[in-house]
Number of protein chains: 2
Amino acid sequence: MSQRNTGVTPQVVNAHACPVREVLDRVAGKWSVQILVAAAQGPIRFTELERGIEGISRRMLTLTLRQLERDGLVGRTVHPTVPPKVEYALTPAADELYETLLRLTDWAERHRVYIAESRAAYDAAHDPDRRVDA
Amino acid sequence: MSQRNTGVTPQVVNAHACPVREVLDRVAGKWSVQILVAAAQGPIRFTELERGIEGISRRMLTLTLRQLERDGLVGRTVHPTVPPKVEYALTPAADELYETLLRLTDWAERHRVYIAESRAAYDAAHDPDRRVDA
DNA sequence: CTGGATCCGAGCGGATACTG
DNA sequence: CAGTATCCGCTCGGATCCAG
């Protein structure tokens, strides 16, 4: 294959058939979830996403969008106008995923403080040099 | 710092403060979830994990375990015997996370076929060369 | 406006060898 | 048994340039 690595896309992983990895590989990308969240509000344009996500590069936006599209999580609608107008929207499957994701963020918010404290305690116990003293 | 990169551990990320990334960065690791799943059945020993996860290296097991421990998701109990015996167990916080993870895997299973078909369709439309024909 | 192609650095993760 | 340390490749992801 002269097909160099274009970037993302695990694809031919291990075929672990592990359902856990299945879903995570699909969502673990650095931007996948943020895109899903942004698109959950309704159809959204490429540039809207680009400016809304803040920090994402054009490359990763395109790449991640393609991946999501390939997995049937986002629909891509091209309006044959000039200049071009393309809108992305979640599919029903992605809507369900989004709901589940919400539980995750909920968990994160409910345990954010706990985790922060755990980290601080761990660091203080294992790397005393970095004690901020206070 | 002569402290080369030891491996995992995002740590000083971007401080995006984005709850979504918060939780994902914590679970996105290649093995984190599988370890949580394995430990969800009850306290489990290091070697048990190593042999149970199939494919994980000693290094990543240790590294991921440390990360989970640091975040207060797993507890580490050392039995001062000879030979040493160390057991890992989920904390209540991790138990909750595990429940949430279950929803995710559930979603994955319910949409596995859909996703597979979406991929096949996408690939057929965008990379006709690879048509398996059949 | 929407996106593809290429170049390149950084970090993740694997293999192996060594230690308490 | 339970880790730790080192080397090393591979993929992810950013910057930039080009194109429809």
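Chain identifiers are assigned alphabetically (A, B, ...) following the order of the sequence lines, protein sequences preceding nucleic acid strands; residue numbering begins at 1 within each chain. All values below were derived from every heavy atom in this structure, side-chain atoms included, with hydrogens, water molecules and symmetry-related copies excluded.
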Using whole Å, what does the distance between atom [atom2] of nucleotide [N] and atom [atom1] of [X] come to?
X: A:Leu65; N: C:dC1; atom1: CG; atom2: P; value: 16 Å
X: A:Met60; N: C:dC8; atom1: CE; atom2: P; value: 19 Å
X: B:Ile35; N: D:dA2; atom1: CD1; atom2: P; value: 14 Å
X: A:Leu24; N: C:dG13; atom1: CG; atom2: P; value: 12 Å
X: B:Leu63; N: D:dC7; atom1: CG; atom2: P; value: 17 Å
X: B:Gln67; N: C:dG13; atom1: CD; atom2: C1'; value: 12 Å
X: B:Phe46; N: C:dG20; atom1: CZ; atom2: P; value: 17 Å
X: B:Lys85; N: D:dA2; atom1: NZ; atom2: P; value: 9 Å

Exercise for the section: Quick one: list whatever passes ring pair (Phe, Tyr, Trp, His ring centres under 6.0 Å) with A:Tyr122, sequence neighbours left out. Expected result: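 Ring pair (Phe, Tyr, Trp, His ring centres under 6.0 Å) check on A:Tyr122 returns A:His126.
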
Practice task
Give a yes/no answer on whether the side chain of B:Arg45 brings an N or O atom under 4.0 Å of OP1 or OP2 in D:dG3.
Solution key: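 Negative; the distance criterion is not met.
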
Exercise for the section: Report yes if at least one side-chain N or O of B:Lys30 is closer than 4.0 Å to OP1 or OP2 of D:dT11; otherwise report no. Expected result: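 No, no such contact exists.
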
Distances under 3.5 Å between nitrogen or oxygen atoms of protein and nucleotides 15-18 of chain C:
none

Practice task
Only counting residues at least two apart or in another chain, list the ones meeting salt bridge (Lys or Arg N to Asp or Glu O under 4.0 Å) with B:Glu109.
Solution key: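 Listed in chain order: nothing, the list is empty.
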
Problem - Pairs where residues 38-48 of chain B contributes a residue and the test salt bridge (Lys or Arg N to Asp or Glu O under 4.0 Å) is met, not counting sequence neighbours - result: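 Residue pairs passing salt bridge (Lys or Arg N to Asp or Glu O under 4.0 Å), neighbours aside: B:Glu48-B:Arg51.
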
Practice task
Could you name each residue pair satisfying salt bridge (Lys or Arg N to Asp or Glu O under 4.0 Å) that touches residues 77-104 of chain B, not counting sequence neighbours?
Solution key: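 Residue pairs with at least one partner in residues 77-104 of chain B: A:Arg110-B:Glu96.
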
Practice task
Between D:dG3, D:dG13, C:dG3, spot the one nearest the side chain of A:Tyr88, thanks.
Solution key: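 Nearest listed nucleotide: C:dG3.
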
Practice task
State, to 0.1 Å, how close B:Ala94 and B:Leu36 come at their nearest heavy-atom pair, and which atoms those are.
Solution key: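 Distance-wise, the nearest heavy atoms are CB-CD2, 4.4 Å.
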
Practice task
Mind jotting down which residue pairs meet the ring-ring contact (aromatic ring centres under 6.0 Å, His included) criterion with at least one end in residues 52-102 of chain B? Sequence neighbours excluded, please.
Solution key: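 Qualifying pairs: none.
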
Practice task
Mind checking B:Thr62 for me? I need base, sugar-phosphate or nothing, with any heavy atom below 4.0 Å counting as a touch.
Solution key: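 The answer is base, as B:Thr62 lies within the cut-off (heavy atoms under 4.0 Å) of a base atom.
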
Practice task
Carefully, step by step, assess B:Ile56 and B:Leu49 under the rule side chain to side chain contact (heavy atoms under 4.5 Å, CB included).
Solution key: CA-CA 9 Å; B:Ile56 193 171; B:Leu49 284 168; over 6 Å; no

